[in-house]
Structure formats: structure tokens, C-alpha cells
Amino acid sequence: MTKHIAPPATAEQIMQALGVTQEDREIIDRVLKEVDEEEEAEATRSSVQTPIRRPDPEDDTRRPKTGPKS
Amino acid sequence: MPFELGMAYALGQLRSHSFFILEEKPLRLQASLSDLNGHDPHIHGGDPPGILRCVLDCFGTPLAAPPLSALESLNRRLTITAKKLQRDHRTDGPFHPFLFRQLAGAATQSARARGLIR
């Protein structure tokens, strides 16, 4: 399997080769910022946990009821 | 894309020119085209991880190959970016020159931000 051995282009070289205009860059920056904000909001939502309620030791309503003694 | 493959193969015969063949299914290419000596196809299986593995096989080097997980994360981000650009431009797909250029630019910016390129 041959490898294509060539020095990788820089980001700026790639952008120039693509013909990305200043207007394109502004659109790209805006859209990527929106994606970042959505990812951050999603991460915040998934990290929020409902607090765990420990059973009250004084509360006997949850204890299994025992039948009458014969 | 048989036309483009023919052009790439002819260029490879005339001068120093490298090309890679990506195919979804194993042995399908050999069933229809048997004269590609020395150009085994890279089989991707039709899904993004398969495509990304083929890209790493073709272009990755032992010292500088990013992990597959990094590329998958980038792919997910770009999928969201592509949908936003399509919505903004009111198109039903990414295959318009201006939209494709912006998406490629977004991919470049994201790759640079993650240290995958300089």
C-alpha cells in the first residue's frame, strides 16, 4: 500500500487554494460560532443531574409490611 | 466515478501521479474492471468511519496520523455545519460551489483549531 508522501498544506494555503473569500470567512466564523454555542449548551444539559434523594430513616411507609402474627 | 478513474489512471501512466480508489464493497471493482494492476481499492463499507479509515490508510503516516476518534468528532461537527449552511442558503444539499467552498473552509478552520493541521 503506497503512502502519498507530501508535506501537508497549512490551513491558509488550503483556504487560498479553495478560493475562500472574506465574505465566506465571515459566514464560516458565524456558523462555527453557532455550532460551538450549541455544543456547549448540549454539554451543559447533559451534565446537569437530578439530585439523589436519600430515603428518610424515620419514614416507615416504605418498609415492607408484615402480616399479622398467628 | 469511472470517468475520473480513467483520467487518473491515464495521468499515472503518463507522468508521476498518485491516486487512490475507494470502493464501498469488496471485490465489486474487480468484477467489472480487472486491469488495475497495483491499484487495490480501499474498501469503506459505505459509512463515515469506513471512509475515514481509508483516508488514514491513504494519507496517514506512522508519526503524524490522528486517531480515528478525532476525525469522527470533526465529521460530526461538520455534519451540523453543513445542515446550517444548507438552511441558511435554502438549498437541499451541499453540492453547490459556494456552499461547498464554505464547508471546506469550515473543515479547514476546525481542523486547525484542533491541531490536526497548521
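The model shown is predicted, which means the values in this text are computed figures rather than measured ones. A, B, ... follow the sequence lines: proteins, then strands. Residue 1 opens every chain.
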**Message:** I'd like to know whether B:Asp92 forms a side chain to side chain contact (heavy atoms under 4.5 Å, CB included) with B:Gln86, so could you lay out the CA-CA distance, the side-chain angles of the two residues, the decisive distance to 0.1 Å, and finally the verdict.
**Reply:** CA-CA 6 Å; B:Asp92 55 358; B:Gln86 285 172 218; 5.9 Å; no
**Request:** Identify which part of A:Ile14 has an atom lying under 4.5 Å from any heavy atom of chain B, answering side chain, backbone, both or neither.
**Result:** side chain
**Item:** Region of A:Gln13 that comes under 4.5 Å of a non-hydrogen atom in chain B
**Value:** neither
**Cationic N near anionic O, under 4.0 Å, B:Arg118 to A:Glu12** = no
**Asked** Do A:Arg30 and A:Glu34 sit within salt-bridge range, that is, some charged N less than 4.0 Å from a carboxylate O?
**Response** yes
**Item:** Test: B:Arg77 and A:Asp36 ion pair at under 4.0 Å
**Value:** yes
**Item:** Aromatic plane relationship, B:Tyr9 with B:Phe19 - under 30° parallel, 30 to 60° tilted, over 60° perpendicular
**Value:** perpendicular
**Message:** Counting only non-hydrogen atoms closer than 4.5 Å, does A:Ile27 touch chain B with its backbone (N, CA, C, O), its side chain (CB onward), both, or neither?
**Reply:** side chain
**Request:** Under 4.5 Å, heavy atom to heavy atom: which of residues 105-115 of chain B reach chain A? Give them by number, or say none.
**Result:** B:Gly105, B:Ala106, B:Thr108, B:Gln109, B:Ser110, B:Arg112
**Message:** Just checking A:Glu40: does its CD atom have more than 12 heavy atoms from other residues, nucleotides or ligands closer to it than 6.0 angstrom?
**Reply:** no
**Asked** Do B:Lys84 and A:Glu38 sit within salt-bridge range, that is, some charged N less than 4.0 Å from a carboxylate O?
**Response** yes
